[in-house]
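Okay, so here's the structure we're looking at.
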Amino acid sequence: MHFDIFFTKFNIMPEMIIEPIEKYGLSEKPKARKLFSSIGIVGCGKEGSVIATVAASNGIEVIFFEPTAEKIANAYSQIEQKLDKKIESWGLTQSEKKAILGRTHGTFNYADFKDCEFVIEAIRYNEAASDRQVGARKEVFKTIESIVSPDAIIASNVSTVVVTELAAELKHQERCIGLHFLANVPNSEIIEIVRGQNTSNETYDKVCRFAKLIHYNYVNVEESSGLVSLRLFLTQLNEACGILMEGISNVADIDHVLSVGFGHRLGIFRSADQMGIEKVVSLLQNLYDEYGAVKYKPSPVLLRLLRAKHYGISRGQGFYKYDEKGNIIG
């Protein structure tokens, strides 16, 4: 029996289904935006380039600010070098490298941060400015706030600077926070997250989600000069310099004890060369001024290297001598 005869005989009519066809159209539908689909970075030097590389490698669009074409080109070069090292160790393919670089964009204009949900200040260290350019960082915060939306997060890659001070003149201080990437230690996938006095729980939670997005561990650190990482590293470095001065051991053997005996990736002296002796001395001086403890007073060994401008890898000589690729000579 045909279905139409069946329905007529028993006086049953199927219910007509009416469904709107708009959702099948080709017009663009509004989509919920993914959190941290794009971030901004102010300053793409040693530390900023690490942040940019990690974020872009995890699918996030990165816009970084540098004031000159030369510095933008240098930033791209640093990012490319980091990716090439991964390719050499079979951790990345050429096509993946192209995709990562395609998500990384340099700019001269702060206005390009307009749509960023998260902007991180990571301006370069200036050896002539012992205060780590607090005034310049404050101006960066003000400029960013004037451009981004009220709910966008503004962060600083801080180490000895207090984020509450940087945010003190902003309208929305609750969305300001501090981060510290251990950029000078290769593959150290951990972030210290520093809440300012007015940082909201929502801001903190979002930054924790950002850390998870880039597959980093994170720790909550109370606002203080030096945080956890630098206070431990710098006092250990001063003590190692003291051992060196007493003639108990030499540079290579002290590093060997730390790297083999305690799992320190580079050893204390290689890490100092990686960070830059000029930066190390400035950080120690900041901590000494802050706390007044002798353990933070820069060792005479570090001061001698500073006066000789033996800053480490950047100058080809520090505790060790280096070739153009940053490999130890001898």
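Index from 1, following the sequence.
Using a 4.5 Å cut-off on side-chain heavy atoms (C-beta onward), Lys309 and Tyr311 make contact. With contacts defined as side-chain heavy-atom distances shorter than 4.5 Å, the pair His215/Asn58 qualifies.
Taking each heavy atom of Tyr76 and His105 in turn, the nearest pair found is OH-CA, 3.3 Å. The shortest non-hydrogen separation linking Cys208 to Tyr218 is SG-CE1, 3.4 Å. Here the closest heavy-atom approach between residue Gly40 and residue Cys116 is recorded as N-SG, 3.7 Å. Residue Ile41 comes nearest to Ala122 through the heavy atom pair CG2-CB, 4.4 Å, listed as atom of the first residue, atom of the second, then distance. Taking every heavy atom of both residues into account, Ile277 and Gly312 meet most closely at CG1-N, 4.3 Å. Residues Ser159 and Leu230 share a closest heavy-atom pair of CB-CD1, 3.1 Å.
A distance-only check finds a donor-acceptor pair linking the side chain of Thr164 to the backbone of Gln197 [under 3.5 Å]. Checked by atom type and distance alone, the side chain of Glu145 pairs as donor or acceptor with a backbone atom of Lys171 at under 3.5 Å. Of the possible polar contacts, none joining the Gln78 side chain to the Ala75 backbone as a donor-acceptor pair under 3.5 Å is found. At distances below 3.5 Å, at least one donor-acceptor pair connects side-chain atoms of Thr199 with backbone N or O atoms of Cys176. The main-chain N or O of Leu182 is found under 3.5 Å from a side-chain atom of Ser188 such that the two form a donor-acceptor pair.
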Start with the C-alpha distance between Ile87 and Thr93, add both sets of side-chain angles, then the distance that settles side-chain contact (heavy atoms from CB on, under 4.5 Å), and finish with yes or no. CA-CA 6 Å; Ile87 291 173; Thr93 65; over 6 Å; no
How far apart are the C-alpha atoms of Val219 and Val228, what are their side-chain angles, what is the distance that settles it, and do they pass the side-chain contact (heavy atoms from CB on, under 4.5 Å) test? CA-CA 10 Å; Val219 292; Val228 174; 5.9 Å; no
After noting the C-alpha distance and the side-chain angles of Tyr288 and Gln285, does the key distance pass the side-chain contact (heavy atoms from CB on, under 4.5 Å) rule? CA-CA 5 Å; Tyr288 183 60; Gln285 192 61 55; 3.6 Å; yes
Pair up each side-chain donor or acceptor in residues 147-156 with any protein partner under 3.5 Å, not counting sequence neighbours, and list the distances.
residue : atom : partner : partner atom : Å
Ser149  : OG   : Asp151  : OD1          : 2.6
Ser156  : OG   : Glu121  : OE1          : 2.4
Ser156  : OG   : Arg137  : NH1          : 3.0

Atom pairs and distances, donor-acceptor, side-chain atoms in residues 242-252, under 3.5 Å, two or more places apart:
residue : atom : partner : partner atom : Å
Asn250  : OD1  : Ala252  : N            : 3.3
Asn250  : OD1  : Asp253  : N            : 2.8
Asn250  : ND2  : Asp253  : OD2          : 3.3

Acceptor/donor pairs from residues 296-307 side chains to any protein atom, 3.5 angstrom cut, sequence neighbours excluded:
residue : atom : partner : partner atom : Å
Tyr296  : OH   : Arg231  : NE           : 3.0
Ser299  : OG   : Val301  : N            : 3.1

Please list every donor-acceptor pair under 3.5 Å in which a side-chain atom of residues 323-330 meets a protein atom from a residue at least two apart or in another chain.
residue : atom : partner : partner atom : Å
Asp323  : OD1  : Lys325  : N            : 2.9
Asp323  : OD1  : Gly326  : N            : 3.0
Asp323  : OD1  : Asn327  : N            : 2.8

Extract all donor-acceptor atom pairs below 3.5 Å that involve side chains of residues 264-275 and protein atoms in other chains or at least two apart in sequence.
residue : atom : partner : partner atom : Å
His264  : ND1  : Gly267  : N            : 3.1
Arg265  : NH2  : Asn187  : O            : 3.1
Ser271  : OG   : Gly267  : O            : 2.9
Asp273  : OD1  : Phe319  : N            : 3.0
Asp273  : OD2  : Phe319  : N            : 3.1
Asp273  : OD2  : Tyr320  : N            : 3.1
Asp273  : OD2  : Tyr322  : OH           : 2.6

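Separation of the Phe181 and Tyr216 ring centroids falls under the 6.0 Å cut-off. Here the two rings, on Phe113 and Phe118, have centers that are 6.0 Å apart or farther. Checked against a 6.0 Å centroid threshold, the rings of Tyr110 and Phe65 count as neighbours.
Taking CD of Glu117 as the reference point, atom CZ of Arg175 lies at 13.0 Å (rounded to 0.5 Å). The CG atom of Leu287 sits 9.5 Å away from atom NZ of Lys295, with the distance rounded to the nearest 0.5 Å. Rounding to the nearest 0.5 angstrom, the gap separating the CG atom in Asn217 from the CD1 atom in Ile190 is 5.5 Å. Atom CD1 of residue Ile193 and atom CG of residue Leu227 lie 11.5 Å apart, to the nearest 0.5 angstrom. Atom CD1 in Ile177 sits 11.5 Å away from atom CZ in Phe210 (nearest 0.5 Å). Leu284 contributes atom CG, which lies 5.0 Å from atom CG of Asn238 (distance to the nearest 0.5 angstrom).
The hydrophobic cluster containing Val163 does not contain Tyr204, counting ILVMFWY residues as joined when their side-chain heavy atoms lie under 4.5 angstrom apart, directly or transitively. Leu234 is not connected to Val294 by any chain of hydrophobic side-chain contacts under 4.5 Å among Ile, Leu, Val, Met, Phe, Trp and Tyr, and they are in different clusters. Both Ile51 and Ile191 are part of a single hydrophobic cluster, where members link through side-chain heavy atoms under 4.5 Å apart. Following chains of ILVMFWY side-chain contacts shorter than 4.5 Å, one can reach Val194 starting from Val42, so the two form part of one hydrophobic cluster. By the criterion of side-chain heavy atoms lying less than 4.5 angstrom apart, applied directly or through intervening Ile, Leu, Val, Met, Phe, Trp or Tyr residues, Ile123 is not grouped with Val162; the two fall into different hydrophobic clusters.
Within 6.0 Å of CD in Glu202 there are 12 or fewer heavy atoms belonging to other residues, nucleotides or ligands.
Remark: Lys142 pairs with Glu139, Glu169, Leu170 by the side-chain contact (heavy atoms from CB on, under 4.5 Å) rule, at least two apart or across chains. Applying the side-chain contact (heavy atoms from CB on, under 4.5 Å) test to Glu290 and every residue at least two apart in sequence or in another chain returns Ser225. Residues forming a side-chain contact (heavy atoms from CB on, under 4.5 Å) with Gln81 (at least two apart in sequence, or on another chain): Ser77. The side-chain contact (heavy atoms from CB on, under 4.5 Å) test applied to Ala55 returns Ile39, Ile60, Val62, not counting sequence neighbours.
Listed by first then second residue, pairs satisfying salt bridge (Lys or Arg N to Asp or Glu O under 4.0 Å) with a partner in residues 176-196 number zero, not counting sequence neighbours. For residues 81-90, the set of pairs meeting the salt bridge (Lys or Arg N to Asp or Glu O under 4.0 Å) definition, not counting sequence neighbours, comprises Asp84-Lys97. Note on residues 52-77: pairs passing salt bridge (Lys or Arg N to Asp or Glu O under 4.0 Å), not counting sequence neighbours, are Glu66-Arg124.
Looking only at atom types and distance, the side chain of Thr203 has a donor-acceptor partner in the side chain of Ser200 under 3.5 Å away. Counted by atom type alone, Asn198 and Glu174 present zero donor-acceptor pairs between their side chains at under 3.5 Å. For the residue pair Asn157 and His180, no side-chain donor N or O sits within less than 3.5 Å of a side-chain acceptor on the partner.
Glu47 and Lys279 are joined by a salt bridge, as a carboxylate oxygen and a charged side-chain nitrogen come within less than 4.0 angstrom of each other.
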